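Keep in mind it's a predicted model, so treat the numbers as computed, not measured. The chains referred to below are lettered A, B, ... by the order of the sequence lines, with proteins before strands, and numbering in each begins at 1.
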Amino acid sequence: MTNAGATAQAIAPRLKLSTQYGLLGALLIAPTVLIFCAVIVYPLVSAIYLSLFSIYTPTLKGSWVGLDNYVALLASGEFWNAFWVNVVWTVGTLVLQVVLGVALALLLHQNIVFRSLARSLILFPYFMSTVVAVLVWRWVFNDLYGILNHAMMWMGLMSVPLDWIGSMPNAMISVILVGAWKYFPFVVISVLARLQTIPDHLYEAATMDGAGWWGRFTDITLPQLREVLFIVILLRAIWDFKEFDLIYLLTGGGPVTATQTLPLLVYKHAFALNEMGGASAVAVLMMLFMLGFMLLYFRYGRATES
Amino acid sequence: MTKVTFERVHKAFGAFVALEELDLAIRSGEFVSLLGPSGCGKTTTLRMLAGLEQPTRGTISVGDRVVNELPPAERDLAMVFQSYALYPHMTVAQNIEYPLRKRGVARAVRREQVLRAAAQLQLEALLDRKPRQLSGGQQQRVALGRALVRNPAAFLLDEPLSNLDAKLRAHMRAELIELHQRIGKTMIYVTHDQLEAMTMSDRIAVLDQGRLQQFDTPLEIYNRPVSLFVAGFIGTPAMNLVKGTLKADGNRLVFDAGGLSLELPPALVRRDVLREGGIAVVLGVRPEDVLLATDGERATVKVVEPTGHESIVFFDLMDHTVVGRVGPDVRLAAGEPVGLTLNAAKLHVFAAEDGRRLNADLQPPATQAAPSLVA
């Protein structure tokens, strides 16, 4: 600040006021631009650069291969399988998160007993470290001594224990369930915050106009939630799409490659197959998919501004 | 055409009594204002009628039907909210159409009725706009349109003009009066603005602290307020109120207030309220009944507020501040000595202890002499 001020003053007599302001502005945003370049632009460019080489991870030595990594990936069944698994996981967990999140937000918006306590407790899964949460869930899902199998057999819902993590489609269902459990509180707090700002008068007017509870939900609540739901769904879609730790810790991508999403594939290429180049190529392709979400976000932002 | 009746309606929120034993009979086609300061119970009254609140006890009827147990939508009442409560994501046309849509009216009929309501309120050009693209006055008209289109038995209006600027408010006031004359429906109007109540209503119900003070025509309320509260609340500038003692001295009636002594018309108050040694009263006189007179009691001009068509003048009369209004041609300056008399035909006397009106209220003779002021 002091430096910027002093510089601006030193050159003040020779420059027009508007130029001085422009210069000061540039100086003030310079730190942000530098940090942005260091932590975002450099890694991005270097990932793209690396993806054009065949690199052995332990030594980081390699040779120029051009687009060969991409050609190999796009022709491989494993890549498209990971992409498909990624889509199934993202859509599955996202739908559950949103439905569960909106339903609980509506419930917590009502005058129920222990509302404040419930509002705090609901955030618990979101705050919990992923490693701890997944360890607990692995214990719940365990086919030999897991409480889930035990409880379901005790209630007579099944006769033999199920392998919740080691077989399909159970593994995918388990991952989706744990993902929804872990991240639905984000939907709850966002939606609840919006619900609290909807004026009561709108509901009263609708009541007098003849709307029942379902009419009030579809005609008042849902349209009022539209904007926040768009943002929440978009953000959660981006975050779920690149989710790594939860899936890696719960199933490791298995059985075989049944829950191996793109982030897990990046990890596999980089550290299991020791191909940093191939891993970078997967990451770059993933980024291209996510670009789609980003464009949607920008377009929506511009639409709401106008 | 529908009358609206409140019978011993009581509303308490926990220990707080919002409305106490209200009895109110509103005639069919009448424009009635519920007037009072905030917290007086006027909005609660309206919301109970609408069905948005339940009375603690008592009966509310619309027409000949008791509506206590009916849900809001089945009471055949339309409400205009203070905030307008327009549905923000719907266009003007969809807003107006909404109550019809919820009642299962056919699309073609809906369209026609929306257009008719829009024409009545000059909204035709705005039908495709969203509420946020409208001015306050336009939003107000859409809210009215949404009420109008239902053709309800009665309209409930909750401070509908309070969010508008002064000029627009005057304009919408006239529009509402005109609308009421045209459709002739019962309208119940909640306001804290006495000017709105006075100018628009057939009758006004003045409420204070959950109690109905007076229910009468605007002129009757202005000329014969039944309590100190009504006297002070109605009228701008407010009625001059002077505390003092009222004594009967033979055939004379004398008001004393620390240095100020007035002989009042003997028939002004009911004889039965007078006590040996006098009673504590508050004497009320409206600003227009404070008259300049060369032979009147001596007073000094303190402040002059010219408004163009008249001037509001604050006088110092024996250490009492008295407000008067004088014509635009009367030029007065601060510090100027003047003579004042009070219009004896228009004096109000209230008991100091409970504020009730003590006037005998026999039609005073037109030739009544002005009270003489004795210092």
Engaged part of B:Arg47 at the chain A interface, taking heavy atoms whose separation is under 4.5 Å: side chain
Residue, of B:Pro71, B:Ala78, B:Ser83, that accumulates the most heavy atom pairs under 4.5 Å with chain A: B:Ser83
Residue among B:Ala85, B:Pro99, B:Ala73 with most heavy-atom pairs under 4.5 Å to chain A: B:Pro99
Heavy-atom contact with chain A under 4.5 Å, split by part of B:Leu86: backbone
Axial cation check for A:Phe184 ring with A:Lys182, 6.0 Å and 45° limits: no
Pair A:Phe289 + A:Phe83: ring centers closer than 6.0 Å: yes
Side-chain H-bond candidate by donor/acceptor type, B:Thr5 with B:Ser61, under 3.5 Å: no
Parallel, tilted or perpendicular, as decided by the 30° and 60° cut-offs, for the rings of A:Trp239 and A:Phe186: perpendicular
Side chain, backbone, both or neither of A:Asp219 within contact of chain B (heavy atoms, under 4.5 Å): both
Note, B:Val9 side chain near B:Met48 side chain (heavy atom, < 4.5 Å): yes
